[in-house]
> 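Take a look at the following structure, please.
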There are 2 protein chains.
Amino acid sequence: MTEEMVVTPWETKGIIDYEKLIKEFGTEKLGEDLIKRIEKQAGKSSHFLRRKIYFSHRGLKEILDAFDKGEEFVLYTGRGPSGTTHIGHLMPYLFTKYLQDAFKAKLYYELTDDEKFFTKENLSLKECTGFAYDNALDFIACGFKPENTKIIIDTKDIGLLYPIAARVAEKTTFSTAKAVFGFSNETNIGWIFFPAVQASVAFLESEIKGKKVRCLIPCGIEQDPYWRIARDVAEKIGYYKPGAIHGKFLPGLKEGGKMSASDPSSAIWVTDSEKEVEKKVGNAFTGGRATVEEQRKLGGNPEVCNVHKYYFFLFEQDDEKLEKLYDDCRKGKILCGECKKELAKRVNAFLKEHMEKREEAKKHLQEYLLK
Amino acid sequence: MTEEMVVTPWETKGIIDYEKLIKEFGTEKLGEDLIKRIEKQAGKSSHFLRRKIYFSHRGLKEILDAFDKGEEFVLYTGRGPSGTTHIGHLMPYLFTKYLQDAFKAKLYYELTDDEKFFTKENLSLKECTGFAYDNALDFIACGFKPENTKIIIDTKDIGLLYPIAARVAEKTTFSTAKAVFGFSNETNIGWIFFPAVQASVAFLESEIKGKKVRCLIPCGIEQDPYWRIARDVAEKIGYYKPGAIHGKFLPGLKEGGKMSASDPSSAIWVTDSEKEVEKKVGNAFTGGRATVEEQRKLGGNPEVCNVHKYYFFLFEQDDEKLEKLYDDCRKGKILCGECKKELAKRVNAFLKEHMEKREEAKKHLQEYLLK
């Protein structure tokens with residue numbers, strides 16, 4: 001029995017059908033034309049685009065058209081700080097860095113400590129704010145520069161956001177918020193207001209500059225409901241509708257589902273030791289056969305294999321090499337053990353470098369924080 | 001046909017039955033014992049107390065008991081800035097000043113520009129914030145000193161309030177807010193969140209001091225729903241329940257109802273000219289008879305007379321003199337014309353002094369603003 005697909009900003013479960021999500025959310029498929037335009041501007045291809053890891057959008061074409069006519073835009077991404085960072089969190093940062101380099105765009109990164117406090121039962125506001133400062137380091141470690149990147153921590157920066165959020169909120173009825181987010185009578189009033197806070201960052205640059213500035217939001221598809229609200233009210237309050245480019249979820253190591261912060265063993269955390277990584281990758285769900293003999297004879301199934309997905313999403317960005325890995329698996333030329341060992345090696349190398357950059361980031365955090 | 005009584009933070013209409021409000025709101029009647037305790041501390045009586053203009057409370061006894069044991073408390077009052085100040089707005093300021101002097105208490109004065117924006121259809125946030133700075137001058141003009149009085153403007157000071165408001169909000173479901181405030185599906189999400197902002201100021205001193213500090217809120221009875229929310233969550237989030245002391249409304253000049261910001265001719269504004277005051281008082285609804293002859297013979301009815309109420313609420317604070325005025329009216333010794341002329345004179349003298357102090361306040365506004 002398969003679990004029903006649920007994709008909201010606060011919960012993801014079941015087998016994700018991305019085609020269905022595009023229909024359900026009413027977004028647009030990210031077509032080859034738009035991918036080519038981004039890659040051309042970047043001067044290089046991205047596996048995130050080639051492999052349709054970013055697969056959907058809202059309003060991207062308008063933003064690119066305006067850009068071609070000389071109109072800059074800002075990027076905006078973020079994270080809900082409810083714990084340590086895992087590899088699934090880093091993926092959108094890396095794609096955002098690619099976009100930032102391509103378009104020389106200013107970037108706002110929002111840490112929604114208020115949201116996590118409103119939506120998670122067992123976290124205090126202080127804990128969420130603490131995670132925000134911690135998560136900021138992982139973000140910085142992805143290579144962003146303070147000259148064109150500003151980190152927003154909601155409770156710290158609400159002074160700037162609230163006057164914008166208030167104008168979003170004033171145009172958003174409970175009825176709308178309920179329809180978009182599934183709020184009920186039991187939802188707390190902080191959570192109900194929060195969509196206005198998240199939307200507000202999309203308009204922050206316009207507010208600061210005193211003129212309309214476009215905004216593109218690279219994010220997980222589960223964040224899309226916020227941009228529906230933001231786009232609904234944007235023009236009514238004197239801003240451009242923000243655009244979004246939506247990514248898929250890095251799967252968890254266990255069968256199905258998203259890499260989940262609520263199940264520590266399903267994810268690889270940036271703080272995991274080499275041994276922990278080896279163990280987690282070693283225990284990952286794969287498309288392997290019951291015995292070595294069977295696998296040599298019949299081949300594995302990379303389609304359902306989480307180890308293969310890790311290569312696909314991040315750890316083998318060369319398409320030819322990925323294809324070879326796929327074929328070798330299919331043909332039984334490579335066994336799960338080898339494949340896992342290699343992945344663990346790559347993950348550990350990646351994390352080693354990440355943690356060094358993260359350490360370095362501690363010295364520079366202040367430079368990134370919004371005034 | 002009498003209009004149904006409606007008393008909410010956003011609307012007051014009909015003939016106000018204060019006894020009924022105590023029952024409906026579930027507050028306590030302000031008894032002689034508590035009045036005596038306040039007056040003893042003040043070292044002088046107040047017509048606001050003697051005449052039961054402040055008539056109801058929540059939790060006042062606990063605050064006075066704690067005070068007697070050496071525990072200080074802060075005062076908190078405010079205003080929704082949706083226009084110029086009228087005399088009805090000044091009344092609670094004057095009573096608050098009396099309390100502040102009596103208890104040597106620090107005072108927070110909140111200007112809820114966000115609330116007015118959320119609840120008034122035709123005001124922009126910028127306009128509400130503008131009114132906040134304007135209204136602050138009328139508040140200062142009532143004699144408050146910057147040493148122990150801080151003015152909060154919500155959109156300006158949300159940085160301090162939001163982390164507290166978030167904790168109030170997290171403990172308040174839509175269901176509760178709906179029951180207390182009558183919110184509907186059409187209410188905007190800013191308005192729904194706002195009660196948490198208004199409640200937050202009751203806990204601000206505790207937050208700043210890092211220890212529990214009691215708070216007493218002198219306000220119009222229509223503000224009570226906010227304190228119900230604040231009291232509900234206070235102990236759950238580590239604060240004392242705030243207390244409140246509730247006042248009656250200064251009536252409008254027309255028959256029945258509150259002095260209303262939405263009907264300019266029903267109120268005397270601080271900016272009214274002497275001539276305007278004379279005209280408005282001259283046109284006020286009184287308990288006079290149809291002709292001078294009848295009035296001389298039968299006497300007037302001060303019970304229903306708005307001119308008499310102005311004396312009662314503010315412009316004749318000497319009980320003996322007020323009684324004489326009442327008797328003279330009853331006996332037909334004084335006619336409405338004389339009575340109105342005298343009131344207009346007093347109002348104009350009051351406003352002249354107020355406007356001078358208001359002018360002076362402009363130089364000192366910055367000293368009162370919260371950091």
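The basis for the numbers below is simple: all heavy atoms, side chains too, and nothing from hydrogens, waters or symmetry mates. Reminder, nothing fancy here: chain letters follow the sequence lines and each chain counts from 1. Computed from a predicted structure; not experimentally measured.
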> Look at I158(A), L160(A), V168(A), D114(A) and state which one has the largest set of heavy-atom pairs under 4.5 Å with chain B.
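Greatest number of close heavy-atom pairs with chain B: I158(A).
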
> Does this structure show an ion pair linking D157(B) with K150(B), if we count only N-O contacts that are shorter than 4.0 Å?
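A salt bridge is absent here (no side-chain N lies under 4.0 Å from a carboxylate O).
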
> Heavy atoms only, distances under 4.5 angstrom: which of T129(A), T176(A), I192(A) has the most pairs with chain B? Name it, please.
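Most heavy-atom pairs within the cutoff with chain B belong to I192(A).
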
> What part of A166(A) gets closer than 4.5 Å to chain B, counting heavy atoms only: side chain, backbone, both or neither?
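A166(A) touches chain B through backbone and side-chain heavy atoms alike.
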
> Please look at S184(A) and chain B and tell me whether the side chain, the backbone, both or neither of the residue comes under 4.5 angstrom of a heavy atom of that chain.
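Contact with chain B is through the backbone of S184(A) alone.
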
> Have D154(B) and T112(B) got a donor and an acceptor in their side chains that come within less than 3.5 Å?
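Checked: D154(B)/T112(B) side chains show no N/O donor-acceptor pair below 3.5 Å.
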
> Who wins among E170(B), E186(B), K178(B) for the most heavy-atom pairs under 4.5 Å with chain A?
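Option with the top pair count is E170(B).
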
> Report the residue from E205(A), K106(A), E110(A) that forms a side-chain contact (heavy atoms from CB on, under 4.5 Å) with Y76(A).
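Looking at E205(A), K106(A), E110(A), the match for Y76(A) under the side-chain contact (heavy atoms from CB on, under 4.5 Å) is E110(A).
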
> In terms of side-chain geometry, is the basic nitrogen of D232(A) or R228(A) positioned less than 4.0 Å from the acidic oxygen of its partner?
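Salt bridge between D232(A) and R228(A), a charged N being under 4.0 Å from a carboxylate O: no.
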
> Under 4.5 Å heavy-atom distance to chain B, tell me which part of T172(A) shows up: side chain, backbone, both or neither.
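Both backbone and side chain.
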
> For the aromatic rings, using the six-membered ring if either is Trp, is the centroid distance between F139(B) and Y109(B) under 6.0 Å?
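Between F139(B) and Y109(B), the centre distance is under 6.0 Å.
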
> With only heavy atoms counted, which part of L125(A) is less than 4.5 Å from chain B, the side chain, the backbone, both or neither?
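Just the side chain, heavy atoms under 4.5 Å.
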
> Are E207(A) and R167(A) within salt-bridge range, i.e. N to O under 4.0 Å?
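Yes, charged N to carboxylate O under 4.0 Å.
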
